[in-house]
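Note: hydrogens, waters and symmetry copies are ignored here, and every other heavy atom, side chains too, is used.
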Amino acid sequence: MFEERISVLHEVGQVLLEKYDGKFANVIRECRASAQMLVETVVREFPCFRDEHEFCGRSVYLYKRAQILVADIWACFEGHGFGSFNDIDQITMFADYRVPQALYHFGALGYSPRLLEYLRRSEIAVQQGDSGHTQPPKPGLLPSGHPWELEIRGNSIWAVEQICRHIRASGHNVNAILIDFYMWDYAKEHTTAMRAIPIHLTRSKFY
Ligand SMILES: Nc1nc2c(c(CN[C@H]3C=C[C@H](O)[C@@H]3O)cn2[C@@H]2O[C@H](COP(=O)(O)O)[C@@H](O)[C@H]2O)c(=O)[nH]1
């Protein structure tokens with residue numbers, strides 16, 4: 001994906017130079033402390049962030065990279081200065097591949113036997129250098145935008161929303177970003193325990 005990544009960098013640089021005096025800080029300023037507006041602006045102005053797909057005849061918008069971008073700014077600036085957003089809780093988790101694995105580990109996400117079997121066989125197929133793009137997918141890489149990939153990502157968002165609701169109901173303040181960061185760090189720190197849980201393998205510029 002080297003060429004694709006280079007073109008993403010060029011696109012971002014070009015938009016910043018043409019519209020924002022070469023500084024992302026100007027994009028943040030324009031959004032007046034709204035995380036939602038920053039996600040919308042990034043997706044509108046930088047086409048490579050348009051993580052948009054068709055699912056069962058409907059458009060779905062996952063915006064993983066736009067949301068992790070806003071979340072990282074919020075976290076790095078500890079909610080102050082450029083990281084001050086009055087609606088940060090509107091951001092949903094950044095749906096990619098590692099957090100679903102942790103959600104599965106904690107029992108917050110379940111996979112059908114058919115999907116589980118497919119993911120297990122895919123890991124072996126990819127290790128052996130096989131990849132498939134047929135319908136239904138041959139064990140291997142799950143194509144970006146495939147309904148199964150969208151189901152895993154979409155259900156991860158919903159699972160994290162449910163976790164937030166449960167935690168809030170017990171009187172604690174939390175948001176999807178904090179749950180995502182926790183899950184991602186947990187999965188990274190427990191790679192041995194996680195090895196038994198199959199992960200979906202997708203080549204995508206949206207992760
Ligand atoms: N959903 C979700 N995806 C996450 C992260 C992070 C790291 N976040 C930490 C950073 C500061 C905070 O303290 C977070 O703990 C990376 N990734 C994704 O993995 C991929 C590989 O990335 P890398 O290993 O960096 O190269 C890439 O698609 C990247 O976007 C996360 O937290 N959630």
**Message:** Tell me every residue that passes salt bridge (charged side-chain N to carboxylate O under 4.0 Å, His left out) with Glu54, counting only those two or more places apart in sequence or in another chain.
**Reply:**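 Scan of Glu54 (salt bridge (charged side-chain N to carboxylate O under 4.0 Å, His left out), adjacent residues dropped) gives none.
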**Message:** Asp51: which residues meet the salt bridge (charged side-chain N to carboxylate O under 4.0 Å, His left out) condition with it, sequence neighbours left out?
**Reply:**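 Asp51 satisfies salt bridge (charged side-chain N to carboxylate O under 4.0 Å, His left out) with Arg153 once adjacent residues are dropped.
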Euclidean distance, [Y] [atom2] relative to [X] [atom1], rounded to 0.5 Å:
{"X": "Gln14", "Y": "Glu18", "atom1": "CD", "atom2": "CD", "answer": "5.0 Å"}
{"X": "Asp72", "Y": "Arg65", "atom1": "CG", "atom2": "CZ", "answer": "12.0 Å"}
{"X": "Lys205", "Y": "Lys64", "atom1": "NZ", "atom2": "NZ", "answer": "14.5 Å"}
{"X": "Glu149", "Y": "Thr202", "atom1": "CD", "atom2": "OG1", "answer": "4.5 Å"}

When you group the ILVMFWY residues by side-chain heavy-atom contacts below 4.5 Å and let the links chain together, are [Y] and [X] in the same group?
{"X": "Trp184", "Y": "Met93", "answer": "yes"}
{"X": "Phe82", "Y": "Leu69", "answer": "yes"}
{"X": "Val39", "Y": "Phe181", "answer": "yes"}
{"X": "Val43", "Y": "Leu16", "answer": "yes"}

With no hydrogens and no angle check, is any side-chain donor or acceptor of [X] less than 3.5 Å from a backbone partner on [Y]?
{"X": "Gln36", "Y": "Asp87", "value": "no"}
{"X": "Asn155", "Y": "Glu151", "value": "yes"}
{"X": "Gln162", "Y": "Trp158", "value": "no"}
{"X": "Asp96", "Y": "Tyr207", "value": "no"}

**Prompt:** For Leu178, what residues pass the side-chain contact (heavy atoms from CB on, under 4.5 Å) criterion, not counting sequence neighbours?
**Reply:**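 If we apply the side-chain contact (heavy atoms from CB on, under 4.5 Å) test to Leu178, skipping adjacent residues, the hits are Trp74, Val174, Asn175.
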**Request:** Please list, chain by chain and in numerical order, all residues satisfying side-chain contact (heavy atoms from CB on, under 4.5 Å) with Thr92, sequence neighbours excluded.
**Result:**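 side-chain contact (heavy atoms from CB on, under 4.5 Å) check on Thr92 returns Gln67, Ile157, Glu161.
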Distance-only criterion, 3.5 Å: show the donor-acceptor pairs between side-chain atoms of residues 24-33 and protein atoms not counting sequence neighbours.
unit_1, atom_1, unit_2, atom_2, d
Asn26, OD1, Arg29, NH1, 2.7
Asn26, ND2, Tyr20, O, 2.9
Glu30, OE2, Tyr20, OH, 3.4

Please list every donor-acceptor pair under 3.5 Å in which a side-chain atom of residues 101-113 meets a protein atom from a residue at least two apart or in another chain.
unit_1, atom_1, unit_2, atom_2, d
Gln101, NE2, Met194, O, 3.0
Gln101, NE2, Ile197, O, 3.0
His105, NE2, Tyr186, OH, 3.3
Ser112, OG, Leu115, N, 3.1

**Request:** Taking the side chain as every heavy atom from C-beta outward, state whether Val42 and Tyr63 have any atom pair closer than 4.5 Å.
**Result:**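 No, every pair of side-chain atoms sits at 4.5 Å or beyond.
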**Prompt:** Stepwise, does the side chain to side chain contact (heavy atoms under 4.5 Å, CB included) test hold for Phe94 with Ile177?
**Reply:** CA-CA 8 Å; Phe94 338 121; Ile177 299 171; 4.0 Å; yes
**Asked** Where do Ser34 and Met37 come nearest, in terms of heavy atoms and distance?
**Response**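 Minimum heavy-atom contact is OG-N, 3.0 Å.
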**Request:** For Ser122 and Leu142, run side chain to side chain contact (heavy atoms under 4.5 Å, CB included): C-alpha distance rounded to whole Å, both residues' side-chain angles, the deciding distance at 0.1 Å, then the answer.
**Result:** CA-CA 8 Å; Ser122 293; Leu142 195 50; over 6 Å; no
**Request:** Check whether more than 12 heavy atoms from other residues, nucleotides or ligands sit under 6.0 Å from atom CZ of Arg50, and answer yes or no.
**Result:**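 Count over threshold, so yes.
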